[in-house]
Amino acid sequence: MRFGITILPEHRWSDAASLWRAAEELGFDHLWTYDHLTWGGLPDSPWFGTMPTLTAAAMVTSRARLGTFVSSPNFRDPVTFMRDILAVDDISAGRLIVGIGVGGDRDSQVIGQPTLSTRERVDRYEEFVTRLDTVLREDHVSYDGAYFRANDARTLPGAVQSPRPPFILAANGPRSISIAAERGNGWVTYGKPADEPTWWAGLADVSERMTRALAAREREDDFERHLNLDGGGAYALSSVEHFADMVGRAEELGFTDVITHWPRPDGPYAGSRDVLEAVADRYLTRP
């Protein structure tokens, strides 16, 4: 089992730098931040750009992988996002992970995009993942899709990671599971909103569906399965015992990686640094 932690991009870097350093020093395998223009959980909070944050994080860490949790086509374009990905992958010496999801409506509404149906959002997601994969692997790329266009897009110098940084694709529904199994290096889910017993039952179902989707494509080796432990409504770091129970359940369902959030003083993910450090002492190997 590998362990990740998400640090929300809400702090000025003079305060955030120490959190990213500490997360790596505690032994976390991967460090994440949200990729939104604004997040519904903290609509009035200060908020900073994802890729500049990960660039800065790359400069104060040296080992842990760094990821977007998760990017979406709500305000991203494959060509422009490709440039950011290449830069952060280079600056981090090949430690970038690209988490990608369908996305909701909030970010697209901020920039005046029309509201799409769920089916249309999944269509756009599939096209986005496919086009982003192409511009990260190839040079002189042109396409004219339903949602995205490119005219002889240059992609030099290419990524440090070959053939591109890993895609960890968010999925819960049938089509997004199929896309993740086909295009992803791994999968991430937060489950479906529910109380905890129902949430775990839903996770068992979606995990089995992912297993079948991978088997249909004759792939499984090295495919990562990430679980957002905080997706079920109860904060994983509420206690060491609660975290231990969740990790055990996740492992039984076949997840290879779990992700929680850095404790905040109040509101979403309110918790204690003491619990975080106790969890690290129990589960993580400090560098």
- Side chain proximity check, Ile259 to Ile5, heavy atoms < 4.5 angstrom: no
- Task: Using atom types as modelled and distance alone, determine if a side-chain donor or acceptor of Asp107 lies under 3.5 Å from a backbone N or O of Leu37.
- Result: yes
- Kindly give the heavy-atom pair with the smallest separation between Gly101 and Ser72, and that separation in Å. O-CB, 3.3 Å
- With hydrophobic residues grouped by side-chain heavy-atom distances under 4.5 Å, do Leu253 and Leu214 end up in a single group? yes
- Taking every heavy atom of Ile177 against every heavy atom of Ala171, the minimum-distance pair comes out as N-CB, 3.6 Å
- Task: Please answer whether the main-chain N or O of Val88 pairs with a side-chain N or O of Ser92 as donor and acceptor at a distance below 3.5 Å.
- Result: yes
- Hey, can you tell me if Trp32 and Phe69 have their rings parallel, tilted or perpendicular (30° and 60° cut-offs)? tilted
- Quick one: closest heavy-atom pair of Thr260 and Ala236, and the distance? OG1-CB, 3.8 Å
- Message: Let me check something: do Phe75 and Val102 share a hydrophobic cluster, defined by ILVMFWY side-chain heavy atoms less than 4.5 Å apart, either directly or through other members?
- Response: no
- Decide whether Arg124 and Ser108 meet the rule of one side-chain donor and one side-chain acceptor closer than 3.5 Å. no
- Item | Distance (rounded to the nearest 0.5 Å) between Thr50 OG1 and Arg76 CZ | 6.0 Å
- Item | pair His261-Asn228: side-chain heavy atoms closer than 4.5 Å | yes
- Query: Which heavy atom of Val79 sits nearest a heavy atom of Ala150, and at what distance?
  - Reply: CG2-CB, 3.9 Å
- Message: When you compare the side chains of Asp89 and Gln161, does any donor N or O come within less than 3.5 Å of an acceptor on the partner?
- Response: yes
- What distance separates Leu116 CG from Arg119 CZ, expressed to the nearest 0.5 Å? 13.0 Å
- Task: Without swapping roles, check the side chain of Ser207 against the backbone of Ala204 for a donor-acceptor pair under 3.5 Å.
- Result: no
- Query: Between the side chain of Arg219 and the main-chain N/O of Ala215, is any donor-acceptor distance below 3.5 Å?
  - Reply: no
- Stepwise side chain to side chain contact (heavy atoms under 4.5 Å, CB included) test for Leu54 and Thr33: CA-CA 8 Å; Leu54 291 180; Thr33 198; 4.0 Å; yes
- Item | Asp105-Thr115 side chain donor-acceptor pair, cut-off 3.5 Å | no
- How far apart are the C-alpha atoms of Trp187 and Phe255, what are their side-chain angles, what is the distance that settles it, and do they pass the ring pair (Phe, Tyr, Trp, His ring centres under 6.0 Å) test? CA-CA 9 Å; Trp187 163 55; Phe255 287 97; 5.4 Å; yes
- For the residue pair Ala146 and Glu127, what are the closest heavy atoms and their distance? N-OE1, 3.2 Å
- Does Arg183 reach the main-chain N or O of Thr130 with its side chain, forming a donor-acceptor pair under 3.5 Å? no
- Message: How long is the straight-line distance from CG of Leu136 back to CD1 of Ile85, given to the nearest 0.5 Å?
- Response: 5.0 Å
- Item | Min side-chain heavy-atom separation Leu237-Trp262 under 4.5 Å | no
- Determine, using ring centers only, whether Phe148 and Phe128 are less than 6.0 Å apart. yes
- Looking at OG of Ser45 and CG of Leu8, how far apart are the two atoms once the value is rounded to the nearest 0.5 Å? 7.5 Å
- Under 30°, 30 to 60°, or over 60°: which ring-plane class applies to Trp47 and Tyr34, parallel, tilted or perpendicular? tilted
- Query: Closest heavy-atom contact between Ala250 and Leu227?
  - Reply: CB-CD2, 3.8 Å
- Item | Any donor-acceptor N/O pair, Glu24 side chain to Arg63 backbone, under 3.5 Å | yes
- Minimum side-chain heavy-atom gap Trp39-Pro268 below 4.5 Å: yes
- Task: Indicate the ring-plane relationship of Phe243 and Tyr283, choosing parallel, tilted or perpendicular according to the 30° and 60° boundaries.
- Result: perpendicular
- Message: I want to check something: taking the side chain as every heavy atom from C-beta on, are Val247 and Phe3 in contact at a cut-off of under 4.5 Å?
- Response: yes
- Would you please test Ile179 and Tyr125 for side chain to side chain contact (heavy atoms under 4.5 Å, CB included) and show each step? CA-CA 9 Å; Ile179 295 165; Tyr125 170 60; 3.9 Å; yes
- Item | Option among Asp274, Val275, Leu276 that satisfies the side chain to side chain contact (heavy atoms under 4.5 Å, CB included) test with Pro263 | Leu276
- Task: Evaluate the side-chain proximity of Ile100 to Val129: yes if any heavy-atom separation is below 4.5 Å, no if none is.
- Result: yes
- Item | Ser71: partners by side-chain hydrogen bond (donor to acceptor under 3.5 Å, both in side chains), with sequence neighbours left out | Asp35, Thr68
- Side chains of Thr38 and Arg106: donor-acceptor distance under 3.5 Å anywhere? no
- Message: Is it true that Glu224 and His226 share a donor-acceptor pair across their side chains at a distance under 3.5 Å?
- Response: yes
- Linked, directly or transitively: Leu66 and Leu19 (ILVMFWY side chains, under 4.5 Å): yes
- Query: Does any N or O in the side chain of Arg209 come within less than 3.5 Å of the main-chain N or O of Asn172, such that one atom is a donor and the other an acceptor?
  - Reply: yes
- Basic-acidic side-chain contact under 4.0 Å: Glu25, Arg286: no
- Query: What do the steps show when you test Phe81 against Leu132 for side chain to side chain contact (heavy atoms under 4.5 Å, CB included), and what is the final call?
  - Reply: CA-CA 8 Å; Phe81 194 34; Leu132 184 61; 3.9 Å; yes
- Message: If you define the side chain from C-beta out and look only at heavy atoms, does anything of Arg154 sit under 4.5 Å from Leu156?
- Response: yes
- Cut-off 3.5 Å, side chains only: do Arg95 and Thr61 have a donor facing an acceptor? yes
- Item | Heavy-atom donor-acceptor pair, Glu10 side chain to Pro46 backbone, under 3.5 Å | no
- Message: Determine whether Tyr235 and His242 satisfy the following criterion, side chain to side chain contact (heavy atoms under 4.5 Å, CB included), listing intermediate values before the conclusion.
- Response: CA-CA 9 Å; Tyr235 181 39; His242 183 60; over 6 Å; no
- Given side chains that start at C-beta, do those of Arg249 and Leu203 come closer than 4.5 Å, heavy atoms only? no
- Query: Is a side-chain N or O of Arg225 found less than 3.5 angstrom from the main chain of Gly186, in a donor-acceptor match?
  - Reply: no
- If two hydrophobic side chains count as joined below 4.5 Å and joins carry through other members, does Val188 share a cluster with Tyr190? no
- Task: Establish, yes or no, whether the cationic atom of Arg164 lies under 6.0 Å from the six-membered ring centre of Phe167 and within 45° of the ring axis.
- Result: yes
- Task: Please check if Met1 and Trp200 belong to a single hydrophobic cluster, counting links between Ile, Leu, Val, Met, Phe, Trp and Tyr side chain heavy atoms closer than 4.5 Å.
- Result: yes
- Run the salt-bridge test on Arg2 and Asp257 with the 4.0 Å N-O cut-off and return the result as yes or no. yes
- Item | Any donor-acceptor pair under 3.5 Å from Glu208 side chain to Asp205 backbone | no
- Nearest 0.5 Å please: distance from the CE atom of Met82 over to the CZ atom of Arg137. 14.0 Å
- If you round to the nearest 0.5 Å, how far is CD1 of Ile168 from OG1 of Thr189? 13.0 Å
